[in-house]
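Keep in mind it's a predicted model, so treat the numbers as computed, not measured. When a ligand or atom number is given, it counts from 1 through the structure's own listing order.
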Amino acid sequence: MAVQKVFIVGGGTMGRGIAQVCAQNGISVVLCDLEQKVLDEAKKQISWSAGKLIEKGKVRGQLDEVMGLIEFGTSLDKAADAEMIIEVVFENLEVKGKVLGQIGEVASKDALVASNTSAIPITDLAAFVPNPSRVLGLHFFNPVPMMAAVEVIKGKQTSQEALSLAREFVESMGKEPIMVMRDCPGFVINRINLPSSMEAMRVVEEGVASVEDIDKGVKLALGRRMGIFETGDIVGLDVTLGSLSAVYEETKDPRWHPPMILRRKVKAGQLGKKTGTGWYRYDNEGKRLGPADE
Ligand SMILES: CCCCCCCCCCCCCC(=O)CC(=O)SCCNC(=O)CCNC(=O)[C@H](O)C(C)(C)COP(=O)(O)OP(=O)(O)OC[C@H]1O[C@@H](n2cnc3c(N)ncnc32)[C@H](O)[C@@H]1OP(=O)(O)O
Ligand SMILES: NC(=O)C1=CN([C@@H]2O[C@H](COP(=O)(O)OP(=O)(O)OC[C@H]3O[C@@H](n4cnc5c(N)ncnc54)[C@H](O)[C@@H]3O)[C@@H](O)[C@H]2O)C=CC1
């Protein structure tokens with residue numbers, strides 16, 4: 001049976017994007033966050049993004065049909081009748097564990113429970129849920145409505161049935177699944193992509209080149225659509241630090257030790273586009289003004 005009812009916990013950057021893509025594909029979704037103002041912002045963002053995609057003919061249907069499939073709320077109770085629950089809260093094992101534990105108390109035992117974690121092993125998260133055979137990773141990429149791939153990650157106890165259902169779910173949303181058959185910190189795409197981001201941060205830290213020149217270089221010399229630091233600013237420096245710290249804690253491998261420049265920026269509240277400053281500075285409309293102080 002195809003998944004028709006989804007419950008998403010965490011309505012930030014990623015949760016709202018996942019909710020949008022569900023609704024664009026006819027799937028009913030409840031988007032839950034602790035904060036009403038996050039949900040109000042999510043509603044605005046989804047409406048803008050889905051409206052644009054409909055206008056361009058990239059999404060079928062009318063905006064009110066898409067918006068009508070999304071319910072916004074602050075209670076976990078509606079997770080009870082969901083067939084798929086997706087956890088999209090902060091990248092922190094303790095926070096995720098607490099939310100997954102609460103979900104485990106409400107959810108049907110047959111529901112699939114997915115985490116959008118960037119780097120935390122799924123097996124560690126499954127320990128918080130009563131039925132770990134239904135727990136897996138669904139790692140969407142940012143911005144969700146624009147990025148075509150989703151990693152589908154098998155935890156140690158994930159059943160083949162759960163994995164197949166999750167794969168079908170991803171396909172039903174018009175996305176391409178990347179199957180990750182063995183759980184590990186950072187999975188596949190982050191594990192491959194992150195070393196270049198780490199090196200870019202060290203190059204800046206050592207004063208070898210500027211943020212702007214590195215971004216220019218990776219676009220013009222390597223053909224990437226977006227610079228490393230431009231991408232870092234849409235992802236969020238807090239999310240990057242949270243993911244790296246999780247991997248470092250798990251592996252103690254010095255390759256993943258979060259660079260000082262990243263830790264300092266997060267401490268200073270320079271989290272990227274969402275706070276107006278990260279690697280670059282932005283105006284109130286999110287238009288880039290220039291590089292931030294290093
Ligand atoms: C041991 C292992 C260690 C591992 C360590 C792990 C640590 C991990 C750390 C990081 C963790 C967090 C990240 C993560 O988990 C995974 C990620 O998501 S990484 C980020 C991936 N994403 C990218 O790399 C983005 C790359 N960029 C692009 O593909 C394009 O630039 C993009 C599609 C975003 C935009 O297209 P582009 O043509 O380049 O730009 P424009 O800005 O001109 O846009 C064109 C057009 O599209 C409209 N548009 C943009 N965004 C949206 C949207 N969300 N919805 C609707 N429409 C959108 C835009 O307005 C333009 O429209 P016009 O009408 O033409 O004006
Ligand atoms: N930002 C990115 O580019 C990507 C992030 N991810 C992962 O997705 C997850 C979420 O990241 P973002 O959306 O960027 O974070 P975010 O900070 O934008 O959103 C997280 C949301 O979770 C909410 N939240 C926290 N605790 C909650 C609880 N107990 N109940 C309900 N809501 C709660 C917060 O209020 C916040 O709105 C993280 O695990 C991150 O690593 C994965 C891919 C890309």
Name the closest protein heavy atom to [atom], giving the residue it belongs to and the distance to 0.1 Å.
atom                    : result
atom 2 (C) of ligand 1  : P185 O, 3.3 Å
atom 6 (C) of ligand 1  : N190 CB, 3.7 Å
atom 19 (S) of ligand 1 : V235 CG2, 4.1 Å
atom 24 (N) of ligand 2 : V89 CG1, 3.7 Å
atom 17 (O) of ligand 2 : F90 CE2, 3.3 Å
atom 1 (N) of ligand 2  : V235 O, 2.9 Å
atom 55 (N) of ligand 1 : S49 OG, 2.7 Å
atom 32 (N) of ligand 2 : L34 N, 3.5 Å
atom 47 (O) of ligand 1 : M146 CE, 3.5 Å
atom 37 (P) of ligand 1 : R225 NH2, 3.6 Å
atom 29 (N) of ligand 2 : V99 CG2, 3.2 Å
atom 43 (C) of ligand 2 : F140 O, 3.2 Å
atom 9 (C) of ligand 1  : L194 CD2, 3.5 Å
atom 19 (O) of ligand 2 : G12 CA, 3.3 Å
atom 18 (O) of ligand 2 : T13 N, 3.0 Å

Quick check: does [X] get an N/O under 3.5 Å from an N/O on ligand 1?
X    : answer
S243 : no
R191 : no
T240 : no
T231 : no
K56  : yes
K52  : yes

Roughly how far apart are [X] [atom1] and [Y] [atom2], rounded to 0.5 Å?
X    : Y    : atom1 : atom2 : value
S28  : I70  : OG    : CD1   : 10.0 Å
Y280 : Q270 : OH    : CD    : 14.0 Å
L138 : I18  : CG    : CD1   : 8.0 Å
D233 : T277 : CG    : OG1   : 9.0 Å
I54  : D64  : CD1   : CG    : 8.5 Å
F141 : N190 : CZ    : CG    : 6.0 Å

If we set the cut-off at 4.0 Å for heavy atoms, which region of [X] has an atom near ligand 2: side chain, backbone, both, or neither?
X    : result
V9   : side chain
F141 : neither
V239 : side chain
K96  : side chain
D33  : both
N116 : both

So which of [options] gets nearest to [atom], if we judge by its closest heavy atom?
atom                    : options                : result
atom 16 (C) of ligand 1 : F187, F141, W256, Y248 : F141
atom 21 (C) of ligand 1 : V144, N142, T13, L241  : N142
atom 6 (N) of ligand 2  : G17, P143, S243, S118  : S118
atom 29 (O) of ligand 1 : M226, M147, E230       : M147

Is the closest N or O pair between [X] and ligand 2 shorter than 3.5 Å?
X    : value
E91  : yes
D238 : no
M14  : yes
N142 : yes
C32  : no

- Message: Any side-chain to backbone donor/acceptor pair from R134 onto T158? Under 3.5 Å, distance only.
- Response: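 No, because the side chain of R134 does not come within donor-acceptor range (under 3.5 Å) of the backbone of T158.
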- Query: Counting only N and O atoms by type, is there a donor-acceptor contact under 3.5 Å from the side chain of K267 to the main-chain atoms of L262?
  - Reply: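 It does not hold such a pair.
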- Query: In terms of atom number and element, which parts of ligand 1 are under 4.0 angstrom from non-hydrogen atoms of P143?
  - Reply: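 That gives atoms 34 (C), 54 (N) of ligand 1.
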- Task: Using a strict 4.0 Å cut-off to heavy atoms of G186, name the atoms of ligand 1 that fall inside it.
- Result: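 Answer for ligand 1: 4 (C).
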Closer than 4.0 Å to some heavy atom of [X] - which atoms of ligand 2 meet that?
X    : value
V88  : 8 (O), 9 (C), 10 (C), 20 (C), 22 (O)
T117 : 39 (O)
V38  : 37 (O)

- Query: Is the number of heavy atoms from other residues, nucleotides or ligands under 6.0 Å of K109 NZ greater than 12?
  - Reply: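 Count not over threshold, so no.
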- Hey, is K98 one of the residues with a heavy atom under 4.0 angstrom from ligand 2?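 Under 4.0 Å: no for K98.
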- Closer than 4.0 angstrom: is that true for some heavy atom of H139 and an atom of ligand 2?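 For ligand 2, residue contact (heavy atoms, under 4.0 Å) with H139 is present.
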- Query: Thinking salt bridges, do K52 and E55 make one under a 4.0 Å N-O criterion?
  - Reply: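 Salt bridge: no.
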- Any ion pair linking D283 and R288 (charged N to carboxylate O, less than 4.0 Å)?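 No salt bridge links R288 with D283.
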- Hey, which of Q36, K44, K43, K37 is the one that makes side chain to side chain donor-acceptor pair (under 3.5 Å) with D40?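 Among Q36, K44, K43, K37, the one that satisfies the side chain to side chain donor-acceptor pair (under 3.5 Å) with D40 is Q36.
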- Message: Quick check: closest heavy atoms across E91 and A119, and the distance to 0.1 Å?
- Response: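 The answer is OE2-N, 3.1 Å.
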- Message: salt bridge (charged side-chain N to carboxylate O under 4.0 Å, His left out) for R167 and E171? Distances and angles first, verdict last.
- Response: CA-CA 6 Å; R167 183 190 185 124; E171 287 167 345; 3.6 Å; yes
- Message: For a side-chain hydrogen bond (donor to acceptor under 3.5 Å, both in side chains) check, start with the C-alpha distance between Q24 and Q20, then their side-chain angles and the critical distance, and finish with the verdict.
- Response: CA-CA 6 Å; Q24 284 174 182; Q20 177 184 336; 2.8 Å; yes
- Message: Can you confirm whether or not the ring centre of W256 sits under 6.0 Å from the ring centre of Y248?
- Response: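 No, too far apart.
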